[in-house]
Amino acid sequence: MKRVIIALTTILAALAFLTPTTANAAPPESARWVGEDDWGGWINILSATSYSDSVVFDVDIQATKGQMPFNPFYFVAKTADGYRYNSPTYRGDNHLTSELLPAGDRLRGTIELQVTGPRPTILIYQGVLGAQLAKWTLTWKPTPKPKTPPSPFGSLGS
């Protein structure tokens, strides 16, 4: 009986080793699936930084099906009152340009949109014909005020 149990354990261990394993990981919270019948992939907004005249988005794109079309002009930022910003500036060394990303490829870079008014509260990724494919809500944190270092001479009290 002991030999039968050892033999069965060995067979089950061998089968477990030979069975292909799968691992599923949830996409990051800011990742959105975009796609149509013949293409698709994930767009992840890693960060957003607001400047006086622009907003810069750090973007990670992963094509998973077909040839995923990508273009910075497909991004539109909107303010709470509906004003739209959709003019990429192409400043900096790591800005993304338009291309077809084959399935399995990944792309990371920045999208900088010119801002002429209040900061946007929504970022939208549109398809070629303007259909909304993905949407992110932006929540801006207040800029911390720099702390004044203590005087090297101590306090001036009496």
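For clarity, every value in this text was computed on a predicted model and none was experimentally measured.
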Does [X] reach the main-chain N or O of [Y] with its side chain, forming a donor-acceptor pair under 3.5 Å?
X	Y	result
W136	I122	no
W140	T49	no
R108	I61	no

Before you tell me yes or no, could you show the steps for V55 and Y85 under side-chain contact (heavy atoms from CB on, under 4.5 Å), namely the whole-Å CA-CA distance, both residues' side-chain angles and the distance that decides it to 0.1 Å? CA-CA 10 Å; V55 176; Y85 305 120; over 6 Å; no

Heavy atoms, side chains only, cut-off 4.5 Å: are [X] and [Y] in contact?
X	Y	answer
V115	S50	no
N44	V59	no
I45	R32	no
M68	I43	yes

Which residues pass the side chain to side chain contact (heavy atoms under 4.5 Å, CB included) test with T121, sequence neighbours left out?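 Side chain to side chain contact (heavy atoms under 4.5 Å, CB included) check on T121 returns A80.
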
Would you kindly confirm whether V34 and I124 end up in one hydrophobic cluster when ILVMFWY residues are joined by side chain heavy atoms under 4.5 Å apart?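 No, because V34 and I124 fall into different hydrophobic clusters, even though each may have its own neighbours under 4.5 Å.
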
If you group Ile, Leu, Val, Met, Phe, Trp and Tyr by side-chain heavy-atom gaps below 4.5 Å, do L107 and L113 land in one group?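 In one cluster with L107: L113, yes.
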
Do any side-chain atoms of residues 97-106 form donor-acceptor pairs under 3.5 angstrom with protein atoms, and if so which ones, sequence neighbours left out?
residue : atom : partner : partner atom : Å
R106    : NE   : D60     : OD1          : 3.3
R106    : NE   : D60     : OD2          : 3.2
R106    : NH2  : D60     : OD2          : 2.6

Holding to salt bridge (charged side-chain N to carboxylate O under 4.0 Å, His left out), I want the full list of residues that pass it with D37, two or more places apart in sequence or in another chain.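 D37: no salt bridge (charged side-chain N to carboxylate O under 4.0 Å, His left out) contacts found.
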
Going by the rule ring-ring contact (aromatic ring centres under 6.0 Å, His included), which residues pair with Y125 if we only count those two or more places apart in sequence or in a different chain?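 Applying ring-ring contact (aromatic ring centres under 6.0 Å, His included) to Y125 gives Y74, F75.
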
Would you list the pairs meeting ring-ring contact (aromatic ring centres under 6.0 Å, His included) in which at least one residue belongs to residues 88-111, sequence neighbours left out?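 Of all non-adjacent pairs touching residues 88-111, those that pass ring-ring contact (aromatic ring centres under 6.0 Å, His included) are Y90-H95.
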
Distance-only polar pair, side chains of D58 and T110, donor-acceptor under 3.5 Å: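 No - no donor-acceptor pair under 3.5 Å links their side chains.
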
So, Q114 and S54: side-chain donor and acceptor under 3.5 Å apart, yes or no?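 Side-chain D/A pair, Q114 to S54: absent.
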
Measuring from atom CZ of F57 to atom OG of S30, what distance do you get when rounded to the nearest 0.5 angstrom?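 Between atom CZ of F57 and atom OG of S30 there are 11.5 Å.
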
Rounded to the nearest 0.5 Å, how far does CG of N86 lie from NZ of K78?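 Answer for the NZ-CG pair, K78 versus N86, is 11.0 Å.
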
Scan for salt bridge (Lys or Arg N to Asp or Glu O under 4.0 Å) pairs involving residues 42-54, sequence neighbours excluded, and state none if there are none.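 Found D53-R91.
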
